[in-house]
There are 4 protein chains.
Amino acid sequence: MTHSVTKPMRSDAVRSRKLLLEAAAAAFAEQGVEVSISEIAERAGIGKGTVFRHFSTKEDLLAAVVSANQTLLVTIGERLARTAAPADALLEFMAAAIELQVRDRAFCQVAHGEARDHPDVRNGLAALTVVTATLTDRARAHGAIRQDITGQDVMLLMSGIFQTASPLLPTQPQLWRRYLRLVFDGMQADTPALPGPPAAPQSSWQQAELAGSPITG
Amino acid sequence: MTHSVTKPMRSDAVRSRKLLLEAAAAAFAEQGVEVSISEIAERAGIGKGTVFRHFSTKEDLLAAVVSANQTLLVTIGERLARTAAPADALLEFMAAAIELQVRDRAFCQVAHGEARDHPDVRNGLAALTVVTATLTDRARAHGAIRQDITGQDVMLLMSGIFQTASPLLPTQPQLWRRYLRLVFDGMQADTPALPGPPAAPQSSWQQAELAGSPITG
Amino acid sequence: MTHSVTKPMRSDAVRSRKLLLEAAAAAFAEQGVEVSISEIAERAGIGKGTVFRHFSTKEDLLAAVVSANQTLLVTIGERLARTAAPADALLEFMAAAIELQVRDRAFCQVAHGEARDHPDVRNGLAALTVVTATLTDRARAHGAIRQDITGQDVMLLMSGIFQTASPLLPTQPQLWRRYLRLVFDGMQADTPALPGPPAAPQSSWQQAELAGSPITG
Amino acid sequence: MTHSVTKPMRSDAVRSRKLLLEAAAAAFAEQGVEVSISEIAERAGIGKGTVFRHFSTKEDLLAAVVSANQTLLVTIGERLARTAAPADALLEFMAAAIELQVRDRAFCQVAHGEARDHPDVRNGLAALTVVTATLTDRARAHGAIRQDITGQDVMLLMSGIFQTASPLLPTQPQLWRRYLRLVFDGMQADTPALPGPPAAPQSSWQQAELAGSPITG
DNA sequence: CATGAATGAGGATTCATTCAT
DNA sequence: CATGAATGAATCCTCATTCAT
């Protein structure tokens, strides 16, 4: 990940990389993963070749953008875990995650499998899983949410909420708050246990892949 | 809709069309709208040209698959509205919709704008909106859900739930039941009003298009 | 060409063939040789398969239409040769040919090589060449045109005139009369001999093909 | 037109573009507008993608080839207007135009409407119209041609002559001289006025389009 | 015999990626 | 090292022709 043993980047290369990542983040967010490398390069004001100098495939670039978001979220989650009360910390974390992602078309696609095999994305997801579990466990321990909710449930619910609100984002940019509130109410509901086991940990993605889709068979 | 005056289809054409629609439904569900016509044709065991004989563009084919799903849902919803108690009707309708769509990758993309301009899809959505509103209004009138939930909210929540559960579908095909329960609990919660206005009716999609995205600006 | 030894056509087949030829003539005239067999069949009110029952390739159909025009012209030319004065006969023949063809987009394309290899077209052209030469020779013998104009020249000039006027046909349908008059004046001009030899007889088309194009080489 | 502020093209791009334009000109000339991009690319010895890098549609490529010819002709005409006597200037201009175009199958198709809507072609045609009118007016003013011949007539006649001679080009490449002479004699003929009004100025093409074809109705 | 359903080769175009400048 | 020119595989779609009904 880091380049501590390699020669340090030239300053213009550093600048190019920054421009590229910003442009890519914006482009992926607006248009989804189908946006072309040409357009990203143009938005960054650099040449197409330079994109491939920094990231040897398009998927690497996407993974870099996605994992930067993941890292940011992890940081936010860790801070909240240290500074906020259990219930507040979890709710604020979910709000932050959703607000960050609701504007991001590519993130929805990633949630559905795009680039999920990339090491950086996988690592980011693992870190995110850890911090989400921490926050969830604290909230659960303090009775702020029902007993049968796991960190993995929370991760999926965050993803679901932004996807719920995403279609109407242009006209109702705050709609996600409505559904976050509703879902959080559900997370606190004092009703019989939720049906089925909680979501399995992330490694199930790999198993899923190996197993083949039950739809096809 | 019906073609009572038209000559009936030849049996081989009927068979081809059936194979095609099944193959297309499966392919779109598994791989999303990006799946190629060639692959669909191959899976159906027919020639590429035959696909275009039945649907003159790829988008028409997608719209046919999507609107068939929409029609099925509308039928289910209408039956439930006649036969089931208000709260049960709504819950069962949501369950049916989610179960039908959770397996469908293309449906997620449609929820995010793909093919939404196709007349068949638009009509299907309108019909779906009507029946969802009916069921929601009944449930609300009977006090089965909180007062500030609209049919449009329900449509978005259904879409969100299947998208929540979709990533883990291969290993945990029943996971959506968990989140449907949780959301339905949230829909019944006796807490202060949900923040913000409910989702605007569907026509806001068009307005959104005209208004341009606030993200880009 | 004729089917004297074969079984006579069924009356519905005769009717289909007539409808087909009329529709094809109109379609080729309006849209050129690129018009699709589907459209021709539809205009004729018959099935696509029936087109191929009557003409086993599209080129055969085109050749039939073209050679019907050629035959008609030959008939007109032969009558004029019998009934009109030499100069009038030639001028009227040219007028008839141009008027017939000026509306025909496909004919321009045939003039430039399309279907020229088809036996029927070749035969029609041969017959047309004969009658044109007859009329030209008579006119020349009577001093109605300059001595160095041949029948082949006249054939090419007819073709050129309708192509001159063709682009403006929609707005000025009578424009060809203007250029026929002008060319006919040129054919009578009392000036030094025209440069170069007259056009060679039609067989040169074949030689041309074998020789390859001087442009490419 | 010129790109004085733009970065100069890279030498390899210049070479590709030159190869492409030459190959395209030859291919369109020989085979007409129906020639495939694949074949053009192959003849140019470049990849298919490179064609689209230089011209974003096939029609743009065709327009580039056609308008290069138009520009060349305009230049020739303007020089002749400055340097030659009125009658000679017109005759030489017609000769140059015909010689340039007689080899060009695509040009015939353009004369019949192909690509006429492309801005470059339209502009080229307008410029060609202007210079032809200038030369024609001078010749008429000096009594070198009859009074009722307009520039528009001359443009159509040039087009007609090369189309007259085009079919026999491979075996008789100089045949057009024969018909140019004949037509020019006709343009000088001292006979009663030519029938009908002269050809309308070029804008009639547009009117024609709007009016619909009298053939179809 | 007529029909139109099925076919698949072929065409224009896009775009991630490679490589000469 | 940055650039953008070149590449060609892959995509959607058309249409002459074949063949089952």
Side-chain angles (χ1 to χ4, degrees), chain A residues 9-10 12-13 15-16 34-42 45-61, chain B residues 7 9-17 19-20 34-41 44-59 61, chain C residues 9-13 15-16 34-42 45-61, chain D residues 7 9-17 19-20 34-41 44-61:
Chain A
M9 262 189 215
R10 273 170 39 172
D12 54 348
R15 186 170 166 278
S16 282
E34 304 300 337
V35 74
S36 78
I37 289 287
S38 291
E39 174 159 353
I40 292 173
E42 196 175 359
I46 64 179
K48 244 186 312 191
T50 309
V51 176
F52 285 94
R53 170 162 298 278
H54 287 282
F55 300 94
S56 53
T57 67
K58 187 184 181 182
E59 199 166 16
D60 282 347
L61 173 57
Chain B
K7 204 181 298 188
M9 259 191 173
R10 255 169 53 175
S11 66
D12 54 349
V14 171
R15 186 173 163 276
S16 284
R17 191 185 183 92
L19 290 173
L20 169 55
E34 303 300 337
V35 74
S36 78
I37 290 287
S38 290
E39 174 160 351
I40 292 174
I46 63 180
K48 231 179 332 187
T50 307
V51 176
F52 288 99
R53 155 166 287 277
H54 288 279
F55 299 95
S56 52
T57 66
K58 187 185 180 181
E59 201 167 23
L61 174 58
Chain C
M9 263 188 214
R10 271 170 40 173
S11 69
D12 55 346
R15 186 169 166 279
S16 282
E34 304 300 336
V35 74
S36 78
I37 289 287
S38 291
E39 174 159 352
I40 292 173
E42 196 175 359
I46 63 180
K48 244 187 311 191
T50 309
V51 175
F52 285 94
R53 169 163 299 280
H54 287 283
F55 300 95
S56 52
T57 67
K58 187 185 182 182
E59 199 166 16
D60 283 346
L61 174 58
Chain D
K7 202 181 300 187
M9 258 190 172
R10 256 170 52 175
S11 66
D12 54 350
V14 171
R15 185 171 164 276
S16 283
R17 192 185 181 92
L19 289 172
L20 169 55
E34 303 301 337
V35 74
S36 79
I37 290 286
S38 291
E39 174 160 351
I40 292 174
I46 63 180
K48 233 179 330 187
T50 308
V51 176
F52 287 97
R53 156 164 287 277
H54 287 279
F55 299 95
S56 52
T57 66
K58 186 185 181 183
E59 200 167 24
D60 283 346
L61 174 58

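These numbers come from a predicted model, not from an experiment. In what follows, chains carry the letters A, B, and so on, assigned in the order in which the sequence lines appear, proteins first and then strands, with residues in each chain numbered from 1.
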Quick one: [X] [atom1] to [N] [atom2], roughly how many Å, whole number?
X        : N       : atom1 : atom2 : result
Glu34(D) : dG10(E) : CD    : C1'   : 13 Å
Glu42(A) : dA5(F)  : CD    : P     : 12 Å
Ile40(A) : dA16(E) : CD1   : P     : 8 Å
Phe55(B) : dC12(F) : CZ    : P     : 16 Å
Arg53(C) : dT3(E)  : CZ    : C1'   : 10 Å

Next on the checklist: Is there a side-chain contact between Thr50(A) and the phosphate of dT3(F), meaning an N or O under 4.0 Å from OP1 or OP2?
Outcome noted: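 Yes, such a contact exists.
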Next on the checklist: So, OP1 or OP2 of dC1(F): does either fall under 4.0 Å of a side-chain N or O from His54(A)?
Outcome noted: no
Identify whether any heavy atom of [X] sits under 4.0 Å from a base atom; if not, whether one sits that close to sugar-phosphate; answer base, sugar-phosphate or nothing.
X        : result
Ser36(A) : sugar-phosphate
Val14(B) : nothing
Val51(A) : nothing

Donor-acceptor list for residues 49-57 of chain D side chains, cut-off 3.5 Å, not counting sequence neighbours:
residue, atom, partner, partner atom, Å
Ser56(D), OG, Asp60(D), OD2, 3.3
Thr57(D), OG1, Glu59(D), N, 3.4
Thr57(D), OG1, Asp60(D), N, 3.1

Checklist entry - Where each residue is assigned the nucleotide of DNA chain E containing its nearest heavy atom, which of Gly45(B) and Gly47(C) is assigned the position nearer the 5′ end? => result Gly47(C)
Item to check | Glu42(A) CD: over 12 foreign heavy atoms closer than 6.0 Å | outcome: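 Check fails, neighbour count at 12 or below.
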Heavy-atom pair with the smallest gap, counting every atom of [X] and [Y]:
X        : Y        : answer
Lys48(A) : Ser38(A) : CD-OG, 3.4 Å
Ser16(B) : Ile46(B) : OG-CG2, 4.2 Å
Lys58(B) : Val35(B) : NZ-O, 2.9 Å

Checklist entry - Given pairs defined as Watson-Crick or G-U wobble with both distances under 3.5 Å, what dot-bracket annotation applies to DNA chain E, with ( ) intrastrand, [ ] crossing, | other strand and . unpaired? => result .||||||||||||||||||||
Produce the list of close N/O pairs, under 3.5 Å, pairing protein atoms with atoms of nucleotides 17-21 of chain E; give distances to one decimal.
residue, atom, partner, partner atom, Å
dT17(E), OP2, Lys58(A), N, 2.9

Next on the checklist: Holding to salt bridge (charged side-chain N to carboxylate O under 4.0 Å, His left out), I want the full list of residues that pass it with Arg15(B), two or more places apart in sequence or in another chain.
Outcome noted: none
Item to check | Under the salt bridge (charged side-chain N to carboxylate O under 4.0 Å, His left out) test, residues paired with Glu34(D) that sit two or more places apart | outcome: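 Not a single residue meets the salt bridge (charged side-chain N to carboxylate O under 4.0 Å, His left out) criterion with Glu34(D).
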Next on the checklist: Reading DNA chain F from 5' onward, which residue's closest nucleotide shows up sooner: Arg17(D) or Ile46(A)?
Outcome noted: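 Mapping each residue to its closest nucleotide by heavy atoms, the 5'-most match is Ile46(A).
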